[in-house]
Every structure is written in C-alpha cells, then in structure tokens.
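Nothing here was measured: the structure is a model prediction, and the numbers come from that model.
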Amino acid sequence: MNPPTTATLSIPIAWQFQPGVPDAQPALGVAGEGRIASEAPIHEPRAATRNACKVCAPLGACVVFSGIENCVPFLHGSQGCATYIRRYLISHFREPVDIASSSFSEEDTVFGGARNLRLGLANVAGQYTPQAIGVATTCLAETIGEDVPRILAEHGAANSGGPELVPVSTPAYAGTHVDGFHRTVRRVVEHFATPTPPHAGINLLPGFVSPEDLRHLKELVAAFGLPCTLLPDYSDTLDGASWPEYQRVQPGGTPTRAIRRMSGARATLELGHTLLGSGADTAGRWLHQTHQVPRMPLALPIGLRETDAFMAALGELAESGCPDDIQRERGRLVDAMVDGHKYVFGKRAALFGDPDLVIGLCSFLDEIGVRPVLCASGTRQAAFEPAIREVLDHSEADDLQILTGADHARISEVAREVRPDLIFSSSKGYPLARELEVPLIRVGFPVHDRIGGQRLLHVGYRGAQRFFDLIVNTILERRQDRSETGYSYL
Amino acid sequence: MSDTPRNPVPDPAVVREEMLKAYPAKTRKKREKQIVLNDPDAPPQIGANTRTIPGIITQRGCTYAGCRGVVIGPIYDIVHITHGPVGCGYYSWLTRRNLARPEEGQTNFMQYCMNTDMQEDEIIFGGEKKLAAAIREAYALFKPKAISIYATCPIGLIGDDIHTVARQAKEELGINVFAFSCEGYKGVSQSAGHHIANNGVFKNIVGLDDTPDSGEYRINILGEYNIGGDAFEIEELLRKCGITCTATLSGNVSYDQIARCHTADLNCVMCHRSINYMAEMMETKYGIPWIKVNFIGAESTAKSLRKIAAYFGDKALIDRVERVIAQEMLALKATVEEVRPRCEGKLAALFVGGSRAHHYQDLFKELGMQIVSAGYEFAHRDDYEGRDVLPTIKVDADSRNIEELDVEADPQRFKARRSPEQLEALQAGGFTFSDYEGMMREMDRRALVIDDISHHEMDQLIALYRPSIVCCGIKEKYIVEKMGVPCKQLHSYDYGGPYAVFTGAANFYREIDRMVNTRVWSMIMPPWQKQPELGARPVFTPKPRRSREEASPATRGRAVRPVPTETATTN
Ligand code: SF4
Ligand code: SF4
C-alpha cells in the first residue's frame with residue numbers, strides 16, 4: 001500500500017512579510033513552502049482581510065437558537081449561508097446541526113423573499129413541529145432590506161398555534177459571530193420574557209462558551225442551591241448522546257417557558273468582560289431596564305480571580321458560603337499552581353480568538369506567571385485593549401502587543417516579532433504554531449483538528465486546573481522530547 | 001450486523017410511500033418526481049436540478065461554493081479573493097480537502113483566504129474601490145501569475161462591476177485577473193457554480209500557452225479534485241502506464257498546466273456533472289475528444305485504462321496497460337479476499353455529489369455489498385439517466401441564468417485528433433465518445449433513486465432499511481450516526497483516502513470493513529436497559545464482565561446494532 005498522502009501535503013505556513021525586499025528579487029518562494037516575499041510592507045488600513053480571525057454574525061445566532069429547547073434555526077437568505085454555517089458548526093461540535101433556509105433565487109432578490117420565508121416556515125413547522133423558529137438574516141436579506149419582523153408577525157397571526165417566530169437582524173457586514181451571538185440572546189429575551197412575579201431563580205447569560213463550560217456553570221450554580229435559567233444552553237443539543245430513538249430536534253436546550261420567566265428573576269449574571277462597559281446593548285441590560293431585574297455583569301470565570309468573583313456573586317445571591325467541594329477544588333488548583341510554577345514562570349504566550357476568551361485566558365496566565373506578549377481578537381472592540389491591561393496585574397510585558405479587529409496574517413506578523421513560547425488559539429493558529437515551532441493549546445472555536453472541541457472546559461477552578469495541567473505538561477513534553485537523555489523524572 | 005437477524009430488505013415502493021406521505025400535497029408532488037424506482041434497462045425520468053423547497057434542510061451548497069470552492073479553488077498558484085462580507089470567504093477557506101504538491105519553483109497559495117470583508121458603508125456606497133485595493137495588495141504580497149475574484153450574494157445586489165475592476169487590474173498589474181459572477185443565489189445548487197467556473201477558466205486560462213508537454217499519450221483528467229490525494233494516485237498510475245497527464249482539472253494543478261491543457265489529445269472525464277461543459281467546449285474549439293472514465297473501483301479503473309489505451313491504439317501502450325492492470329489486480333487480491341467475507345451481503349446507500357454516488361457503488365459491489373438506494377445532491381437528469389436524455393431536459397429559469405458560451409472552432413488551433421477512419425474503427429469496436437450512461441443503468445432493478453434527499457427521507461430510509469453504511473457528507477454524518485449507522489463522508493473522506501485506482505481501492509475496502517464491523521453500536525444501550533424484565537425503573541446492574549479470552553470468537557468484531565423499537569420498552 002502507498003504511504004499516506006497526508007505526509008506529502010505541502011506545509012501550510014502563514015503569511016510572511018519581508019519588508020524591503022527590492023523589486024528585482026523573485027517574488028515567488030520555494031516550492032511547497034509557501035513563503036511569500038513582498039516588496040514593501042502594506043500599511044493599514046488594509047482592504048483585504050487575510051485569513052480572518054472572525055466568522056459571520058448569523059453563525060452566532062444559530063448557536064444561540066440551537067441552545068433553545070425545540071427551536072430550529074432558520075436563515076433568511078440564500079441556502080449557501082445555511083449550508084456553510086452548518087458545515088462549520090458540525091466540524092467543531094461533531095453533532096448534527098440543522099439550519100433551515102429560505103433558499104432565495106435570483107428572482108427573490110428582486111421581488112423580496114417574503115414568499116420563500118413563509119413557505120420555509122410552514123415547511124419547518126410541518127417537518128419538525130418545533131416550539132420556536134429563530135429567524136436570523138443573512139447579508140443578502142439585509143441588503144435587500146427585508147422587513148423580517150413584520151413578515152413573521154403576519155405569518156404568526158395567520159397561523160395561530162404554530163411555533164413562536166423569533167427574528168434577529170444579523171448582517172455580517174456590521175458584526176461578527178460574537179456580535180451575532182449577543183444580539184440574538186437579547187432578541188430572544190425580548191421576545192419571550194413577559195411580566196412575571198418575582199421568583200427565586202437567577203438568569204445566567206454565559207456568552208459563546210463550550211457545551212462543557214455550560215455543563216460546569218450549571219453544576220456550580222446548582223451547588224449553591226440556586227434555581228437558574230441558563231441562556232442559551234446547548235450543552236446537550238450540541239454535545240448529545242447517541243439516540244436510542246430518532247429525534248426530530250436534538251433534545252435539550254433552554255425551555256421557552258423558562259425564558260418567559262426571566263423577567264421575574266432575582267438577578268441576571270451576565271458574563272463577558274467586553275459587556276461590562278456602558279455601551280453594550282445586552283439582554284441583561286434590557287431585563288434590568290424593562291423588568292428591573294438587577295444585572296450583575298462579570299467577566300467570564302476563567303482562571304482563579306475571575307472564578308473567585310463568580311463564586312462570590314453566587315454566594316451573595318444564595319446568601320451562603322462557597323460549598324466545600326468547590327473550595328477544595330480551588331485549593332487543589334492553588335496547590336497545583338505552586339507545584340508547577342517553576343515550569344511555566346516567565347514563558348511568553350500569544351493568545352488570539354474571541355475577545356472575552358482572550359481576556360479570560362490572559363487573566364489566568366497572569367496568575368500563573370506566564371507573560372502574554374500578544375493578545376489579539378478578530379472582533380473589533382474598543383473595550384478589548386483596556387480590558388487586557390486591566391487583567392494583567394503582574395505580568396504586563398514591555399513588548400506586549402494588543403490587536404483588535406486583526407486577521408491571522410496580521411497576528412502572524414506580530415507573532416514573528418514577539419516570539420512566543422506558547423500559542424493559545426483555535427485550530428486556525430496551527431500554521432503559525434508550526435511555523436514558529438511552538439506548541440499550540442487549542443481553545444475556543446473552531447477546533448476542527450482535534451476531537452472534543454465541544455468538551456474543552458475553560459471556566460471555573462476545574463477549567464483552570466485542566467488548562468494548568470495541560471500547559472505544564474505541554475511544556476514538559478517538549479522539553480523531554482528534545483532532551484538528549486529522555487529523563488523521566490521532571 | 002451479520003449476527004443480528006435482519007428482516008428481508010423492505011419493498012422499495014413501500015419505503016418510497018413512507019417517505020412521501022409526511023409531505024403536504026404540493027411538496028409531495030415535487031418530491032414524487034425526485035424519488036423513483038430504478039429500471040436499469042429504461043431508466044425512468046427523475047426530477048433533478050430543481051430548486052430546493054425553502055425550509056427543507058438540504059445537503060446542497062451555493063453557486064459560489066461550486067465555483068470558488070470546487071472547481072477553481074484547487075488551482076494552487078492563483079490568488080483567490082472573495083468579494084463580500086467575511087463569512088462566505090471564511091467558510092471556503094481550506095474546507096475542501098484538495099491537496100497540492102506544487103511543482104519546483106511554484107508557490108502554493110491554497111492556505112490563504114483573502115476576502116474584502118465588506119462593511120456596512122461599502123454595502124451602501126459600493127465596494128469596487130475596496131476590491132481594487134485588495135487586488136493591489138494581493139499582487140504586492142504574492143506577485144502571482146493570476147488573481148481570481150468571486151462575487152457573493154450581496155455583491156450581486158449592490159451591483160459592483162467586478163469584471164471591470166478585474167479588467168482594469170489586469171491592465172495595471174500586467175498579470176491575469178479575472179472575475180466570476182457566482183453569487184450564491186444564481187443557481188439551485190453548487191452545480192451552477194461549476195458551470196460558471198468552467199466558462200471562466202475556459203475563457204481566461206485555457207489556451208494561453210501553446211507549448212505541448214513533451215511526453216507521449218497526452219491526456220487531461222477532467223473533474224478530479226484530488227480529495228485525499230486521489231489525483232496523486234491517478235497520476236502515478238498513468239505514469240506507470242506511460243501516459244502523460246497534462247493537467248487535472250482541478251486537482252494538484254497549476255495555472256500554467258491549465259493554460260496549455262488544450263494541447264493534450266484526449267480529455268478523460270471523471271465527474272461528468274462538474275466539468276462536462278469544459279470537455280464540450282474544448283472539443284468544439286480545439287478538437288479534443290472526450291470520454292467518460294472512472295478511477296474509483298478496481299474494475300472501473302481497469303476499464304478506463306483500457307479505454308484510454310484503445311483510443312491511442314498503440315500496441316505498445318495497450319500491452320503496457322495490461323501488464324500494469326495485471327500487476328495491480330494481483331496486489332489487490334489478498335485484501336479483497338480477506339475483507340469481502342466480512343462485508344458481503346450488507347446494505348449500503350449513497351447520497352453525495354454529482355458523480356461520487358455513482359462511482360463509489362463499484363467499490364461496494366467489489367465487496368459484495370448491495371446498494372439499496374443512491375442519489376445525488378446537485379446532479380442533473382443526464383447524470384442519472386444518461387446523456388441521451390439531454391435534448392429532452394427542460395431549461396428552467398435557473399439554468400437560463402447561467403451563460404452558455406458561444407464557442408467556435410479555433411481557426412488556427414483546431415485539430416481533429418483522430419482521422420475519420422480511426423474514429424470509425426474505434427466506434428465499430430464499441431468505443432463511445434462524449435458519452436455518459438448515468439448512474440441508473442448500473443444500479444439494481446427497483447433500487448431507490450433519490451435526488452437531493454432531505455433529512456426526513458434519510459430518517460425513513462435508515463429506519464426501514466437499517467443499512468450497514470450510508471455515504472454522504474459532513475452535514476449528514478452525525479445525524480446518521482446518531483441513529484446507529486456508520487456514515488462514510490465522501491466529500492472529505494473523513495480525512496482519509498486516497499480511494500482512487502487500485503491502491504486507493506485497498507484503502508477503501510479496509511475502511512468499509514472497519515466501519516461496518518465495528519462493535520461500538522452494541523454499546524449504545526447500557527446493560528440495565530437491555531433487560532426488560534428489570535422493570536420500569538432502570539437499575540444499574542452491570543453484568544459480570546467476561547474476560548476477552550472468554551468472549552466467543554464468533555461474536556468478536558461484529559456489531560450488534562440496537563433495534564430502537566424493541567429496546568424502548570424498558571421505560
Ligand atoms: S451569501 Fe451567497 S455566496 Fe455567500 S455563502 Fe451565502 S449563498 Fe453562498
Ligand atoms: S453572506 Fe453574510 S451571512 Fe452569508 S455566509 Fe456570507 S457573510 Fe455569512
């Protein structure tokens with residue numbers, strides 16, 4: 001049999017600028033190597049995004065809708081967007097992801113897609129009997145200026161007893177998947193929440209984290225005895241078991257009846273450093289303004305300090321101390337940090353991905369003595385840089401570079417200058433890690449070159465513990481593999 | 001599966017009715033035409049290449065995906081720029097597994113994804129300036145031989161004139177710059193994008209360099225995309241036979257190879273759906289005849305090689321091809337003999353692409369497996385029923401959208417590759433040119449042929465047939481596997497392959513053996529749910545474990561599939 005072909009793949013190497021190479025130099029690189037020379041550096045702003053570090057807004061909307069019980073995501077536009085987004089989500093979650101589409105034809109772009117939308121809704125309702133259909137717009141529908149809320153309202157009125165129809169506007173030219181995610185959470189809450197007498201439950205809005213993160217967050221809240229509505233909750237729908245029987249829609253998700261009652265909750269915990277500022281138009285804010293639900297904005301509980309803050313908030317709400325089990329978990333984490341400090345201290349890290357994830361990891365790395373030297377996000381956010389500086393208590397490197405709205409090409413250019421020892425990113429960081437010959441620790445989304453992206457645990461003491469062990473062991477493995485003796489006590 | 005008693009294969013007519021009866025009248029009427037019982041002697045007419053009904057979750061992608069993703073993406077030394085908002089470009093960034101081994105001195109740009117990442121202002125005021133700037137940046141960065149631009153849906157709507165921008169850039173930069181109006185909504189599926197791509201490649205690249213390759217027996221392979229390294233295997237096999245492959249469209253191929261591919265003497269078409277336009281246009285303009293080949297499956301590969309050799313009609317070539325076939329078949333024999341007894345008699349179904357659902361049937365047949373159902377995602381009637389139905393295919397509004405190039409014989413470069421006498425002799429010997437018989441003529445009588453299968457139909461199919469394996473794409477993979485049936489992806493090959501020619505066939509046999517005989521499905525039900533006598537409340541009472549040695553050899557390595565309706569009785 002022939003040797004596996006993958007070994008003969010030409011090596012992907014990220015963008016390589018060589019500023020100042022004169023014109024006469026051959027522009028092409030070495031065969032198979034993909035190194036690119038350029039006559040001059042190109043100055044910002046660039047017209048082209050080169051290997052983007054962000055995805056489009058409807059993807060975020062689809063993730064949120066997938067986390068609502070018996071809800072089918074629906075994209076209003078041409079079918080390709082739905083197909084691409086399904087394909088992309090599936091490659092990360094390795095689970096079925098159903099997204100319907102109104103499948104525009106050229107004619108519909110001229111006369112509007114209302115007819116397609118109505119037909120599509122009827123077909124989804126017939127096939128899946130969902131409780132809700134979440135309709136997000138693609139760039140095409142937005143460019144045409146489709147009035148989706150009106151079409152849905154009319155369709156809903158004409159089909160009483162049918163599924164709830166939830167519109168959200170998600171033009172990708174005005175926001176990334178992260179924006180699409182938060183906007184959809186807000187729209188869902190606005191749609192369902194109705195005046196409710198106050199109750200003892202809390203609302204937890206976690207942001208775009210992994211199904212494993214969602215499970216752990218629920219566990220933590222439950223440990224404090226707090227009834228909780230987690231929105232969205234795709235811990236089962238995007239990481240489910242094998243089915244003994246056929247299911248129309250993956251079981252799980254936040255029940256809509258629970259979302260209705262979010263307006264009577266004791267408080268809303270809204271996670272994400274970038275949502276802290278006054279500008280963000282979030283679901284938590286809406287619940288506060290409209291239903292006077294107190295909003296407790298917190299960073300994502302990544303690392304020790306942010307998890308402490310999260311636990312303190314839960315303790316305050318539950319009017320109880322932190323349960324013993326969790327305290328012991330915290331204790332083990334600190335103990336491990338002592339044990340492993342000598343291996344990680346002073347290591348330089350590059351981190352890139354979704355803003356809140358990067359901010360959270362940055363805070364954690366700061367705690368364990370790793371120095372972030374490059375923090376970047378593809379989503380452009382003014383709050384990003386100040387947040388990074390704020391969480392870097394101890395280890396702000398002199399040569400720290402912070403990029404927002406960056407693409408992988410830009411990130412790679414800067415990474416070549418700052419020479420990190422470790423990279424934290426999605427699978428998209430692999431070419432850079434390979435080029436710089438440093439380990440890549442995969443975090444966030446998308447992870448499509450390893451199994452278990454949906455089970456990465458980022459949050460809580462437990463998440464920090466897993467990351468800490470992973471970081472230390474990654475460093476040790478490198479060292480051991482490269483040592484001449486192969487010493488096995490480290 | 002072999003140790004689970006299998007009901008007799010259900011009547012396909014009953015399965016069909018089960019699929020259709022859930023639909024409202026209008027949808028049913030449309031789907032009825034797209035689900036037919038096969039007759040290999042006189043394939044019944046099938047509804048194909050019609051719009052997917054909104055709200056029916058489909059396997060299909062968009063025109064842009066077919067153009068940029070499928071046909072042009074694999075040309076490794078072109079810089080591709082997607083003009084549009086960020087998503088469309090991002091999603092087509094290395095998502096197809098077409099591999100490349102660039103020639104000496106060439107650069108591979110496939111790992112780059114350039115995008116104009118249109119923002120709101122540009123959507124309102126137009127994005128031509130941004131596109132022009134992006135082209136200049138791409139040129140400054142890479143100095144490529146060619147830059148290719150793709151329009152996504154919003155671009156078509158705001159009316160950016162990408163072709164003028166491309167023309168101006170071409171003049172300004174002195175390299176080849178061309179654009180494709182392949183907005184996603186243009187067609188009913190990726191198929192429209194294939195056509196648009198064929199037109200563009202034909203107009204803008206083919207014929208730019210008249211230098212022929214130096215080798216003997218020069219052919220092009222059309223419609224082979226080098227997923228998982230298939231094209232590498234094909235090239236290697238051809239090399240063994242002494243046949244020169246000028247270009248593979250489009251897999252492991254450079255811009256220069258395509259520029260001179262009109263100098264070859266025969267076009268061999270793998271995926272008829274995506275590239276028949278190119279084959280036809282090259283024949284009209286340059287006089288290169290085309291034949292249908294299939295390098296998937298050992299028998300088909302042998303047949304295809306013999307056909308190529310017969311075309312050139314050279315005794316030395318014919319003998320050499322026979323020697324290679326004999327050698328390769330011999331090498332394959334042990335694998336088939338080992339694997340076949342474990343696979344024989346099992347059922348398979350394939351729903352993929354515009355040719356793979358046909359081609360891959362051969363590999364299953366070589367393992368003695370039965371194809372109960374198959375269908376394409378985006379093929380047309382001729383891919384099902386054969387090219388003889390072409391004159392009877394109705395041209396609808398969607399197909400009319402796609403430009404048909406007016407191609408004429410090139411006054412200087414047209415050259416009939418075979419004399420009328422040679423052609424006559426070949427045809428007398430049963431040789432057919434420009435012919436594709438379609439999938440249905442090679443399928444069993446009353447096998448179920450389903451075009452653009454929907455989720456609901458897939459569910460019914462699995463529930464009623466309980467096939468041992470289903471082949472489709474990543475979007476269906478996990479739903480099929482949730483239902484306890486292994487699913488082989490035939491787009492990305494589950495990151496495996498190659499599966500082409502003899503060497504690839506061995507890989508595929510082993511892969512199918514592994515998949516249909518895995519034990520994992522027997523583990524879905526916990527032991528306490530397998531015993532109905534335990535009562536309504538599931539109690540965790542694991543059975544005492546038998547050691548590996550004790551396990552009966554007869555059951556080892558076999559899958560015991562849960563039968564949902566029976567096991568559901570516990571609670
Ligand atoms: S916008 Fe159009 S081109 Fe882009 S993915 Fe969607 S359907 Fe395809
Ligand atoms: S058109 Fe917009 S929504 Fe569709 S894939 Fe492209 S960026 Fe995403």
May I ask you to decide if the ring planes of A:His177 and A:Phe445 are parallel, tilted or perpendicular, using 30° and 60° as cut-offs? tilted
Do B:Glu183 and A:Phe104 make a side-chain contact, defined as non-hydrogen atoms from C-beta onward lying under 4.5 Å apart? no
Distance col, row B:Cys182:SG vs B:Gln190:CD, nearest 0.5 angstrom, shows 12.5 Å
Examine whether an atom of B:Thr58 lies under 4.5 Å from a heavy atom of chain A, and if so say whether it belongs to the side chain, the backbone or both; otherwise answer neither. both
So which of A:Val97, A:Asp108, A:Ile85, A:Leu121 has the biggest tally of heavy-atom pairs under 4.5 Å with chain B? A:Ile85
At a heavy-atom distance under 4.5 Å, which candidate from B:Cys153, B:Gly87, B:Ala133 has the highest pair count against chain A? B:Cys153
When B:Leu157, B:Val86, B:Leu332, B:Ile124 are compared by non-hydrogen pairs under 4.5 Å with chain A, the top option: B:Leu157
Both conditions, 6.0 Å and 45 degrees, for the charged tip of A:Lys428 above the ring of A:Tyr430: are they met here? no
Below 30° counts as parallel, above 60° as perpendicular, anything between as tilted: where do the rings of A:Tyr84 and B:Tyr64 land? perpendicular
Of all the residues in residues 474-482 of chain B, which have a heavy atom that comes within less than 4.5 Å of a heavy atom in chain A? B:Ile474, B:Lys475, B:Tyr478, B:Ile479, B:Lys482
Turns out that what part of B:Thr52 lies under 4.5 Å from chain A's heavy atoms comes down to both
Does any non-hydrogen side-chain atom of A:Asp407 lie less than 4.5 Å from one of A:Arg410? yes
Please work out whether the ring planes of B:Trp93 and B:Tyr90 are parallel, tilted or perpendicular, with thresholds of 30° and 60°. perpendicular
Assign the ring pair A:His448 / A:Tyr88 to parallel, tilted or perpendicular, where the plane angle (0 to 90°) is split at 30° and 60°. perpendicular
Could you list the residues that satisfy ring pair (Phe, Tyr, Trp, His ring centres under 6.0 Å) with B:Phe378, not counting sequence neighbours? B:His194
Side-chain touch A:Leu165/A:Phe74, heavy atoms, less than 4.5 angstrom: no
Quick one: what part of A:Glu106 sits under 4.5 Å from any heavy atom of chain B, side chain, backbone, both or neither? both
Most heavy-atom pairs under 4.5 Å with chain B, out of A:Val55, A:Val110, A:Ile133, belong to A:Val55
Report yes if the side chains of B:Met114 and B:Ile147 come closer than 4.5 Å at any heavy-atom pair, otherwise no. no
Counting distance only, does the side-chain N/O of A:Gln250 pair as donor-acceptor with the main-chain N or O of A:Thr237 below 3.5 Å? yes
Using heavy-atom distances under 4.5 Å, tell me whether A:Ile144 contacts chain B through its side chain, its backbone, both, or neither. both
Max heavy-atom pairs within cutoff under 4.5 Å with chain A, candidates B:Gly504, B:Ser92, B:Gly89, B:Ser189, goes to B:Ser92
If you count heavy-atom pairs within less than 4.5 Å of chain A, which of B:Thr116, B:Ile155, B:Ile158, B:Asn401 leads? B:Asn401
A:Ala122 portion near chain B, given a 4.5 angstrom heavy-atom threshold: neither
Presence of salt bridge, B:Arg51 and A:Glu107, under 4.0 angstrom: no
Under 4.5 Å to a heavy atom of chain A? For B:Asn115 that would be both
With only heavy atoms counted, which part of B:Ala22 is less than 4.5 Å from chain A, the side chain, the backbone, both or neither? neither
Quick one, B:His491 and B:Glu377 - any side-chain contact, counting heavy atoms below 4.5 Å? yes
Rounded distance [0.5 Å steps], CH2 in B:Trp521 versus OG in A:Ser242: 6.5 Å
Aromatic ring pairing A:Tyr128/B:His455, orientation class (parallel under 30°, perpendicular over 60°, tilted between): perpendicular
Residue from A:Ile99, A:Val124, A:Thr109 scoring the most non-hydrogen pairs under 4.5 Å with chain B is A:Thr109
Close contacts, residues 135-143 of chain A versus chain B, judged by heavy atoms under 4.5 Å: A:Cys139, A:Leu140, A:Thr143
Does any heavy atom of chain A fall under 4.5 Å from the side chain of B:His83, the backbone, both, or neither of them? neither
Out of B:Pro54, B:Cys62, B:Ala331, B:Ala65, which one racks up the most heavy-atom pairs below 4.5 Å with chain A? B:Pro54
Applying salt bridge (charged side-chain N to carboxylate O under 4.0 Å, His left out) to A:Lys54 and not counting sequence neighbours gives B:Asp117
Taking every heavy-atom pair that is under 4.5 Å apart, which of A:Ala52, A:Ser102, A:Ser105 has the most such pairs with chain B? A:Ser105
Criterion side chain to side chain contact (heavy atoms under 4.5 Å, CB included) against B:Tyr76, the qualifying member of B:Met110, B:Arg101, B:Gln111: B:Met110
Check each atom of B:Ile123 against the heavy atoms of chain A and say whether the ones under 4.5 Å are side chain, backbone, both or neither. side chain
